[in-house]
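Okay, structure first, notes after.
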Amino acid sequence: MNHSVFRLTLPILFGYLPLGMAFGVLFATQLEYAWWIAPLMGVVIFAGAGQILAVSLLAANAGLVEVFVAMFVLNARHLFYGLSLLGQFRGAGWRKVYLIFGLTDETYSLLTSRPRGPDRAYEQTVDFRITAFNQGYWVIGCALGALLADNVAFNSTGIEFALVALFIVLTIEQLKALGDSLPVWLGAAAAGVAMIALPPAHQLIGAIAIVTAILLLHYRRIRGEQSSEGDVNRG
Amino acid sequence: MAESTYIAAFIAVAAVATFATRVIPFLFFERHTEHPLIQHLGRYLPAAVMALLATVFLQRSGTWTADLPGFDALIPGLLVIAVHLWQRNALLSIAAGTASYMVIQQTGVF
């Protein structure tokens, strides 16, 4: 089982190691703090863009209220992820806190895309291992980057595309599993609108807010049609 | 504030803020998992979010000011789609796309 979890998370390994290292290098070169604080942040925060933002906040000696607001706003897209996992995480016991803690973009993608059997406790164990493997890659990346700082031997330019490729693959898988392309077009269109209308820092949350609002309208329309069909049947 | 106190407080605040964004839906919607609206979002939101993540990050991977705007990311992206529709092997699709992107970025052909 660990072997299959490893296979499943391999694209995350290729994405998280270089990104984690990028954060580690940034941390070590921009700040005067001890190197091990970089992996420590990977352990207790575990947010890619958030930690990179944290480097500039630290460099600016930002106030703690400002830090809270900035980190909350930057990660606000995660507010929507839990909505599709409420049922899956139900009854996961002590594991649940960690499953919620580790809900990054990439972990969310894997957990919502993989096929599931009827045994929920078993599936939650797999979810837990996926999350832990992903965080392991991330923490190792943060540590390596901070330690190596400026002597990176292998030219890994572009390897972070693994995460983009993963999102494309998962979109295709979602499309096949759902048998309905509507949400895919809505998601892409919302991203397009957000990228035109918003600065880069707010594009992800903007796109997710747009697509959630459209799905709410979609839900109201379906419910409306269903209830009017009910009226016809009754009449 | 001493430097070590500041960094400890900073990390604690950043960790709490990040965890808050992830735990809030579980605190406020836990009792409503059977609600048809939550079921509707659970069914459609992952596909929509995946498509928007793919779109946003694909756009950010490309050089749109080049002579062939965005080709350095669009070609690897199309390769991922083609290989995945052909073999439906996630690792193969991702490896093909990533390798081609690395070659394009490192050689600067576009």
Side-chain angles (χ1 to χ4, degrees), chain A residues 10-11 14 33 37 40-41 44-45 47 50 54 58 64 67-68 71-72 75-76 78-80 82-84 86-87 90 100-101 103 105 109 112 155 157-159 161-172 174-175 178 183-184 186-188 190-192 195 203-204 207-208 211 215 219, chain B residues 3 6-7 9-26 29-30 32-33 36-38 40-61 73 76-77 80-81 84-85 90-91 93-94 96-98 101-106:
Chain A
L10 205 52
F14 292 130
Y33 296 105
I37 290 182
L40 177 71
M41 287 170 78
V44 300
I45 301 174
L58 277 171
L64 295 180
V67 172
F68 186 91
M71 295 295 281
F72 190 90
N75 290 314
H78 297 138
L79 286 167
F80 298 88
L83 292 177
S84 25
L86 288 168
R90 178 173 268 181
I100 294 171
F101 165 83
L103 212 49
D105 295 330
S109 304
T112 54
N155 184 358
T157 306
I159 200 170
F161 192 80
L163 289 180
V164 185
L166 174 69
F167 291 137
I168 295 174
V169 164
L170 293 179
T171 303
I172 298 173
Q174 290 273 355
L175 189 60
L178 202 60
V184 170
L186 290 180
M195 288 188 300
Q203 286 167 359
L204 279 182
I208 292 175
V211 89
L215 286 176
Y219 168 78
Chain B
E3 203 172 65
Y6 175 71
I7 185 77
F10 180 99
I11 292 176
V13 168
V16 169
T18 305
F19 184 65
T21 61
R22 294 174 187 167
V23 79
I24 281 173
F26 293 90
F29 295 102
E30 187 65 69
H32 307 290
T33 46
L37 174 59
I38 295 293
H40 181 81
L41 287 179
R43 183 170 141 83
Y44 288 108
L45 200 57
V49 169
M50 230 54 71
L52 75 85
L53 286 173
T55 308
V56 169
F57 286 108
L58 189 66
Q59 190 267 338
R60 288 181 188 175
S61 305
V80 174
I81 296 173
H84 199 67
L85 291 177
L91 282 185
S93 322
I94 291 164
T98 307
Y101 183 79
M102 288 176 75
V103 169
I104 290 170
Q105 294 300 325
Q106 292 184 16

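Lettering follows sequence order; numbering is per chain, from 1.
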Tell me, do [X] and [Y] make a side-chain contact under 4.5 Å, heavy atoms counted?
{"X": "F72(A)", "Y": "I24(B)", "value": "yes"}
{"X": "L58(A)", "Y": "F10(B)", "value": "yes"}
{"X": "F80(A)", "Y": "L45(B)", "value": "yes"}
{"X": "L52(B)", "Y": "L204(A)", "value": "yes"}
{"X": "T21(B)", "Y": "L103(A)", "value": "no"}

Sort I208(A) into side chain, backbone, both or neither according to what part of it lies under 4.5 angstrom from a heavy atom of chain B.
->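 Both parts, heavy atoms under 4.5 Å.
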
Side chain, backbone, both or neither of [X] within contact of chain A (heavy atoms, under 4.5 Å):
{"X": "R43(B)", "value": "both"}
{"X": "Y101(B)", "value": "side chain"}
{"X": "Q59(B)", "value": "side chain"}
{"X": "S61(B)", "value": "side chain"}

Options [options], ranked by heavy-atom pairs under 4.5 Å with chain B, top entry:
{"options": "L79(A), L10(A), T112(A)", "value": "L79(A)"}
{"options": "A162(A), A190(A), G87(A)", "value": "A162(A)"}
{"options": "L186(A), I100(A), L215(A)", "value": "I100(A)"}

Measure across [X] and [Y] and return the closest heavy-atom pair with its distance rounded to 0.1 Å.
{"X": "A17(B)", "Y": "M71(A)", "answer": "CB-CB, 3.8 Å"}
{"X": "F161(A)", "Y": "G97(B)", "answer": "CD2-O, 3.7 Å"}
{"X": "G42(B)", "Y": "S84(A)", "answer": "CA-CB, 3.7 Å"}
{"X": "A48(B)", "Y": "V211(A)", "answer": "CB-CG2, 3.7 Å"}
{"X": "G82(A)", "Y": "P25(B)", "answer": "CA-CG, 3.9 Å"}
{"X": "V56(B)", "Y": "M195(A)", "answer": "CA-SD, 3.9 Å"}

Under the 3.5 angstrom rule, does the side chain of R22(B) hit a backbone N or O of F101(A) as a donor-acceptor pair?
->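 A pair under 3.5 Å: yes.
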
Which one, [options], leads in non-hydrogen pairs under 4.5 Å with chain A?
{"options": "A73(B), G77(B), P36(B)", "value": "P36(B)"}
{"options": "L58(B), I104(B), I94(B)", "value": "I94(B)"}
{"options": "S93(B), A12(B), A96(B), P76(B)", "value": "P76(B)"}
{"options": "V23(B), L37(B), V103(B), V16(B)", "value": "L37(B)"}
{"options": "L53(B), L85(B), V80(B)", "value": "L53(B)"}

With L175(A), which residues qualify under side-chain contact (heavy atoms from CB on, under 4.5 Å), at least two apart?
->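 Partners of L175(A) under the side-chain contact (heavy atoms from CB on, under 4.5 Å) test: S181(A), V184(A).
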
First locate atom [atom1] of [X], then atom [atom2] of [Y], and finally report the distance between them rounded to the nearest 0.5 Å.
{"X": "L86(A)", "Y": "F29(B)", "atom1": "CG", "atom2": "CZ", "value": "8.5 Å"}
{"X": "I11(B)", "Y": "I37(A)", "atom1": "CD1", "atom2": "CD1", "value": "5.5 Å"}
{"X": "Q203(A)", "Y": "T55(B)", "atom1": "CD", "atom2": "OG1", "value": "11.5 Å"}
{"X": "N75(A)", "Y": "T18(B)", "atom1": "CG", "atom2": "OG1", "value": "4.5 Å"}

Side-chain donor-acceptor pairs of residues 165-172 of chain A under 3.5 Å, sequence neighbours excluded:
from, atom 1, to, atom 2, distance (Å)
T171(A), OG1, F167(A), O, 2.7
T171(A), OG1, M50(B), O, 3.3

